[in-house]
Amino acid sequence: MTNDTTVTEFILKGFSDILELRILSATLILFIYFFALLGNLSIIAAVTRDSRLHTPMYFFLKNLFFMDMCYTSVTIPKALINSFMGSGVVSFWECVAQLFLLVMMGASECSLLTSVAYDRWLAIHRPLLYGVIMSRNLCTELVIVAWLNGALYAIFHTINTFSLQFCGPNVIDHFFCDISPIMRLSCSDYHTNEEIGFVVGGCMILGAFFLTIISYVLIISTIVQIHSADGRWKAFSTCLSHLATVILFYFSGSLAYLSPASHYSPTQGRLVSVFYSIITPSLNPVVYCLRNMDMQVALKKILVASK
């Protein structure tokens, strides 16, 4: 990332330009953040401690909730500190690191959701061979691939963003370092980098999305062949939580990263970012526990043990 950048630090505007609204927003998000941490940690502990949940699906979910926890922790604590302390200063390299980690967590989760969809299709389509095919080694390899894919994708976007020149404006109209608001600060022409990032991001997000959709088409085609209504509902109910998470993740992610930096709106950017960086990770534990009796029992054991 060698260039003629003279900016050594950035200033994050925070959740709002209005002080009172910024403090109010930060307070609300603080409670949501603690709820997200508590929910994700509780499920990770429940899956780890309950031997009945030592299955491929819950192995993926444990990693998914760990990613969610990291995803929110990359941006929210710093944003809260800046809001309450009244200082939004971040160094250039701190901003680089935050963007890299943010993109890596999001892309890794994108890949992992695809693996979960494949796991659900295999469990429904090949139940007798499921335990043999979806071995512990394969599960571990799929998770490692998700992390590596996220890291490579993050390296690309970090270099693509910070290879631009930053020699003047340094106020980021956001509450964390994100691609679009940073590109808009560049004193060089960022449109080529923007177009390359848009194409690569579109291929990554839409590619993973279509693979997930293909898995669900195969799942539905298998379910409709089940003769009993109870059997069809039982098979489909195992996918509902994942399907809800996929919809939340791709809806918010598409709004955030499938629009050009030149069309970036600070207000819309903040609202969308709050949704995908804190609201969605907070809802995931609720979504997965709402109709999952095994998870509810495991969580009750955690609560009883803690008393």
Side-chain angles (χ1 to χ4, degrees), residues 36 39-71 105 107-150 208-209 211-223 225-226 230-250 280-302:
N40 287 305
L41 281 172
S42 297
I43 290 181
I44 291 172
V47 172
T48 302
R49 293 185 59 177
D50 196 326
S51 59
R52 295 179 307 161
L53 302 183
H54 292 177
T55 63
M57 183 182 76
Y58 289 107
F59 175 76
F60 288 129
L61 291 184
K62 183 169 68 172
N63 282 275
L64 178 66
F65 290 126
F66 177 74
M67 287 179 183
D68 277 343
M69 191 169 58
C70 294
Y71 194 57
M105 294 302 167
S108 298
E109 183 164 340
C110 188
S111 299
L112 191 61
L113 286 172
T114 304
S115 297
V116 176
Y118 170 70
D119 170 77
R120 291 298 81 211
W121 168 75
L122 195 60
I124 293 172
H125 187 65
R126 292 285 187 270
L128 298 179
L129 297 176
Y130 173 69
V132 177
I133 298 174
M134 193 58 71
S135 63
R136 180 74 177 186
N137 287 339
L138 179 59
C139 293
T140 303
E141 288 169 1
L142 288 173
V143 170
I144 291 174
V145 168
W147 282 103
L148 289 176
N149 184 53
F209 178 72
L211 286 175
T212 303
I213 291 299
I214 289 172
S215 295
Y216 270 98
V217 169
L218 294 173
I219 287 171
I220 292 173
S221 66
T222 302
I223 289 176
Q225 297 177 27
I226 299 175
D230 289 341
R232 287 194 296 269
W233 171 245
K234 184 178 180 181
F236 188 67
S237 64
T238 63
C239 305
L240 283 177
S241 298
H242 176 254
L243 187 59
T245 300
V246 167
I247 292 172
L248 286 172
F249 180 82
Y250 281 105
T280 299
S282 302
L283 289 176
N284 283 345
V286 177
V287 168
Y288 274 99
C289 292
L290 199 60
R291 298 182 59 86
N292 192 318
M293 293 304 299
D294 291 335
M295 187 69 77
Q296 291 177 19
V297 171
L299 287 173
K300 287 178 182 178
K301 289 182 179 179
I302 294 288

query = Quick one: does Ser108's side chain have a donor or acceptor within less than 3.5 Å of a partner on Ala146's backbone?
reply = yes
query = Where do Asn40 and Pro281 come nearest, in terms of heavy atoms and distance?
reply = ND2-O, 3.7 Å
ask   = Can you name the one residue among Ile43, Leu113, Ile44, Val143 that meets side chain to side chain contact (heavy atoms under 4.5 Å, CB included) with Leu64?
value = Leu113
request  = With the side chain counted from C-beta on, respond yes when Leu138 and Glu141 share a heavy-atom pair under 4.5 Å apart, and no when they do not.
outcome  = yes
ask   = Quick one: CG on Asp119 to OG1 on Thr114, what's the gap to the nearest 0.5 Å?
value = 12.5 Å
inquiry  = Donor-acceptor check, side chain of Ser221 to backbone of Leu218, threshold 3.5 angstrom: yes or no?
reply    = yes
request  = Please test Glu109 against Asn284 for side-chain contact (heavy atoms from CB on, under 4.5 Å), starting from the C-alpha separation and ending with a verdict.
outcome  = CA-CA 12 Å; Glu109 183 164 340; Asn284 283 345; 4.1 Å; yes
ask   = Between Val287 and Ala244, which heavy-atom pair has the shortest distance, and what is it?
value = CG1-CB, 3.8 Å
key: Value rounded to 0.5 Å, distance of SG in Cys110 from CE in Met67   = 10.5 Å
key: Any residue meeting side-chain contact (heavy atoms from CB on, under 4.5 Å) with Leu129, in chain and number order, not counting sequence neighbours   = Arg126, Ile133
task = Could you pull out the closest heavy-atom pair between Leu142 and Ser115, with the gap in Å?
result = CB-OG, 3.9 Å
remark   = Here the pair of heavy atoms bringing Thr212 nearest to Ala117 is CG2-CB, 3.8 Å
With sequence neighbours excluded, residues passing salt bridge (charged side-chain N to carboxylate O under 4.0 Å, His left out) with Arg136 = none
Identify every side-chain donor-acceptor pair in residues 50-61 under 3.5 Å, counting partners at least two apart or on other chains, and give the distances.
from  : atom 1 : to     : atom 2 : distance (Å)
Asp50 : OD1    : Arg52  : N      : 3.0
Asp50 : OD1    : Arg52  : NE     : 3.4
Asp50 : OD2    : Arg52  : NH2    : 3.3
His54 : NE2    : Val47  : O      : 3.2
His54 : NE2    : Thr48  : O      : 3.0
His54 : NE2    : Asp50  : O      : 3.4
Tyr58 : OH     : Asn292 : OD1    : 3.1
Tyr58 : OH     : Asn292 : ND2    : 2.9

key: For Phe209, all residues meeting ring-ring contact (aromatic ring centres under 6.0 Å, His included), sequence neighbours excluded   = Tyr250
ask   = Would you say Tyr130 and Ile124 make side-chain contact, with heavy atoms under 4.5 Å?
value = no
Nearest-0.5 Å distance, OG of residue Ser282 to CG of residue Leu248 = 11.0 Å
task = Report the distance from atom CG of Leu112 to atom CG of Asn149, rounding to the nearest 0.5 Å.
result = 11.0 Å
message = List the residues meeting side-chain contact (heavy atoms from CB on, under 4.5 Å) with Ile247, not counting sequence neighbours, and say none if there are none.
response = Leu243
key: Residues forming a ring-ring contact (aromatic ring centres under 6.0 Å, His included) with Tyr216, sequence neighbours excluded   = His242
